[in-house]
Structures are given as structure tokens and as C-alpha cells.
Amino acid sequence: MVDLNVKIGELELKNPVMTASGTFGYGSEFADFIDLNRLGGFVVKGTTLHHREGNDYPRMAETPMGMLNAVGLQNKGVDYFINHIYPEIKDIDSQIIVNVSGASVADYVAVAEKIATLDKINAIEVNISCPNVKQGGMAFGTTTSGASEVTKAIRQVYPKTLIVKLSPNVTDITEIARAVESEGADSVSLINTLLGMAVDVERQRPILSTVTGGLSGPAVKPVAVRMVWQVSHAVKIPVIGLGGISCGADAMEFILAGASAIQVGTANFFNPRVTMEIIDYLADYCKRHGVCSINELIGALKV
Amino acid sequence: MKKQLIDFIITSTVMQTPSCGLIALKPINDTLPEIVPGQFVELSIDAVMLRRPISVCDVDYENNILFLLVRNAGKGTSRLLHLPVGSKVNIMLPLGNGFSTNGISFKPGVRTLLVGGGVGTAPMLYLGKKLKENGATVTFLTGAKSSAELLLVDAMKKVAPVAITTDDGSEGDKGFVVNSGIWNQPWDHVYCCGPSPMMKAVAALCKEKQVPCEVSLENMMACGLGACLCCVEKTVRGNVCVCSEGPVFDIKDLTW
């Protein structure tokens, strides 16, 4: 029997496979296709202090092996999550992680404090990297001072596992990773989407209502693997890798490059069973390579 | 209704016009799940990353065949229309809510008008059959640019009378569907699917005549499951996903 358990800070995952925020709703959307209890964890949709309607349609453009989105953190706010969604999902036998977003440090802190009261939620993922909101979001994630400020403030009110989700839209992602590590983050997840743009040439207009949006999908995978490799060498805390993972071998690339766990995002849209396939692949991979625990393979890349 | 992922085989593709084809598909191992008119499916096509949402045109439960009317609108649908007979296609279904076909307002003889524009005529065929089964009086109204681009007219005629409009007047009344003489008759319920300006015109006409109207939207989608929040439409209750809370909306719920 292969051991797929991994630890992210104090958070124990039964396997390294999680779903990425904003691509998996609140889990129930996929319940017809997969057993949610088999997931290592799932990160629920970005949650803000107040209800947000998000950006105008169109919010999506398909690109070669990828897609741009500009959803803009549409969600019903943290109180709605606590009162209406949490009771429905809390008994799923998997780690539920809430992705937290805000327009100000005070917003992030207020959401984190409220989520901290929920028994079955043992971690938050702080989104300092959303490219689709005018205030906050990526603004905090593109400078070491902004990233430090948010992390420090949340660390003071949130005692459980604190993951910070990093933006790839920076010159040196390792600087940001080190900054949040030194302010007490337990883990970093990367990468959020790459800022991109697509044009409708006949109409001579941008496809997205917001002009620019976040690129995800297989197209971004090589960039993500590179950044995971760099960050895992720059920090001591565990790294969660994501960006274009669409099959088991993709997940293994991130793990070998230094990721202790991985998240699957866009691939859920075209293959709703992909997470189960990846879990099976990882167990089989360990067997084929004669390792007892997936932990032996984290960062095992031979350079 | 449980959503499923089923492998189908294409049993035929018959081009109806130069850009639209009727594709017949059979599940390889399974039987077709129950599908409500107005629901859609998402097909995995090797040429593109995201699945392509296509409205269900007809269902033949006796022979276990799903019919999809597909317009060549880009790389994905072009590839789909050119797949040879016998090709395997993975389909996620059934998706979305579908049209209302019974309930309190559906007394026998209820007068329904089913309005389709271009490839938007697709869901009207199966809807017409179901409504007729439920005891409604069915009339189709379909519009196209010209006579050569009309879709499904013969198939619909086997179910109920068909009124036609063409932009150039080459068949039926000249003009758009809202210019058809059929609107002079009284209607109890209108269903509509087609290009956005056409549906907005039909919705405006129905509001004026105070006839209940349901429209089927086709906003660009990614997941088809209500998870990605890409295909939203503004409604009286805020932005909602067309894929999971639609694609069919009562026009009273829209901000048109």
C-alpha cells in the first residue's frame, strides 16, 4: 500500500491532490462525477467580506490550450458562506480550504477571523494574486511590502494553517515567497493566473469586458513548473503547485520540481473526473518507482 | 437529474445547409438518460480544450439516438462536423434546466408558439414533440436569412404547423420572426431560441402582448456545471450562470 499522505503546515492531506479555487465551485457541482471524499483537499471559491457581483459578461475567452477569465471574485460574501454553504459541505471527508480575498488589509483580516471560527476548516488560502479586481487582489501580491503586510495582519488573527497564493505577474516570485514566509505563512501556493488579453479582430474589440484577464490551462504549465522549482529552493515552507495540471504526469512534474501538494484548476472544466485519475496515477507511479511514500518524491528532481 | 459522462459513436452527420449539420449519436454502452427539452450537452472535441455546449435537438429513446444540430461557428464545431461516422465522442449530459412543458398553466389545448431563429431552431423540435404529448397545441415559427438556410422545417412539419419568415422574403413572410403574421393569433405561451437581438425582439413583443415567454440563452461557457461563473447573465436576482440556472429563463427574470 502506497502512502500518499502529505502535510502542509499542520494540515494533513490524505493525498496531494486538491482542486484550485474558482474552478470547483463548492464541490457539489462535481459530485455526480467524482467521490469528493477521495480528494486530498478542495479550495472553495474566493470569499470576500461582502457579496460581489463580479465583472460584466463576457468573462471568458478560450485561447490555444488555455483560457482567459475575468470573473472578478463573484461570491455571496463570507457570512453567506458560513450560514448556507459551510453546513452543506462540512461533513465531506476531505480538507476544505477557504480562499480569502479582500480590497483592503482590514477586509482580509475580517474574513480570516470569521473563517477561523469554523471547526471543520483547518486552513485558508490568502489570495493576493487575483488579476481581475480593481482594488486589492494582485496589488498586494506584486510587491514584497504588500505581501508582507497582508500576511502579517492575517497571521495575528488566524491560528490554523495559512497558505498564501502567489501571483506569477512579478519579476522575481522568490522574493515574494520569502517575504510571506518571514511573516509566518505556513505554505505558499503558486501560480495564480498570468495576466493576458485576447482581441476579436473582426469587431476590433477586446473579447473580455475587462480588456485583460487571467490565463490558465495547459498553456501556462511550463511557467508554473519553473516557478515552483525556483520557490521550493528559496523557502523552507511547503509549496503547493498549480498551473495547467491536466493529468497525473503533469502533477508528478510539479511534485518532482518541489511541490508538496498540487491543485487542479482549469482541467476540471473539460475533464470533471481528472482529480480521481491523478490520485490513481500517483499511487501507481509510486509503485512503479518502488517508493513507499509520495513524500520521497517531493523535490526529487535529478538536475 | 444525475449528470453523466458517456461515450457516444457518431452514426451519421447530414449537412442541412452549408454551415449546419444534424449529427446522430448513439451511446456505446449506456442508454440515454432522461433529457428535458431545452437542456444541452457538452462534447469533448480533440481540436479544442474546452467542451462545446450544444442544445439537444431531438431524442429517439426507442433507438437510443441523440440528435444535435450543429452550426460551424469555429474550430471546435468545424472539427465536430467533419468527424467521420464511427468516431467516438465523450459527452457530458444532461445539462441545464430546460423549458417548462407541464404544470398548472398546461391545460389541454394550451396554445404554444415555438420560435426558433437559425440554429436556435434546434431545441424547438424536441420541445414541440413533448408539448404535443402533454396535450398542448403546438405551432412552430422559424426564421432564417433565406430559404436555403431554413432548418428542420420538414421534421417540424411532421409534428405541427410551421410558419416561416426569411430576411429576403424567399420563403414565408419577409422579415424577421417578429414580422410574421402568426403573431395576430392569440398565444398562451411562447418559447424562443436564437440570436440575442431576435430573442430580445420576441421578448419585447411578448411583454407588449402580455404572453408568458421563455428564452434559451447561449452565453459562452467553460465548465457547464455552474462552477467557473464564466457564462453569467444579469437577472433580477443578480448575475447567474446560464449553464446551471439556465439556459432557459422566463423573460420576467431577465433585465432586458
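Naming: A, B, ... by sequence-line order, numbering from 1 per chain.
With a 4.5 angstrom heavy-atom cutoff, A:F30 touches chain B only via side-chain atoms. Using a 4.5 Å cut-off between heavy atoms, B:E233 makes no contact with chain A at all. Only the side chain of A:T266 comes within less than 4.5 Å of a heavy atom in chain B; its backbone stays farther off. Proximity to chain B (any heavy atom under 4.5 Å) is restricted, for A:F24, to the backbone atoms N, CA, C and O.
The structure places SG of B:C230 at 9.5 Å from OH of A:Y57, a figure rounded to the nearest 0.5 Å. In this structure, CD on A:Q74 lies 6.5 Å from SG on B:C241, to the nearest 0.5 angstrom. Here the SG-CE distance, from B:C228 to A:M67, works out to 5.5 Å after rounding to the nearest 0.5 Å. Rounding to the nearest 0.5 angstrom, the gap separating the CG atom in B:L50 from the OG1 atom in A:T63 is 8.5 Å. Once rounded to the nearest 0.5 Å, the distance linking CG of A:N55 with CG of B:N239 reads 9.5 Å.
If you tally non-hydrogen atom pairs under 4.5 Å between each of B:A222, B:C231, B:G224, B:A227 and chain A, the highest count goes to B:A227. Contacts with chain A were tallied for B:K3, B:K75, B:R51, B:K234; B:K3 has the most, counting heavy-atom pairs under 4.5 Å.
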For a quick test of your reading: what N or O donor-acceptor pairs under 3.5 Å do the side chains of residues 17-26 of chain B make, sequence neighbours left out?
unit_1	atom_1	unit_2	atom_2	d
B:T17	OG1	B:S19	N	3.3
B:T17	OG1	B:C20	N	3.1
B:K26	NZ	B:N63	O	2.8

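Residue A:E53 places its CD atom among more than 12 non-hydrogen atoms of other residues, nucleotides or ligands, all under 6.0 Å distant.
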Assess whether side-chain contact (heavy atoms from CB on, under 4.5 Å) is satisfied between A:S246 and B:M49, documenting all intermediate values.
CA-CA 11 Å; A:S246 307; B:M49 182 185 77; over 6 Å; no
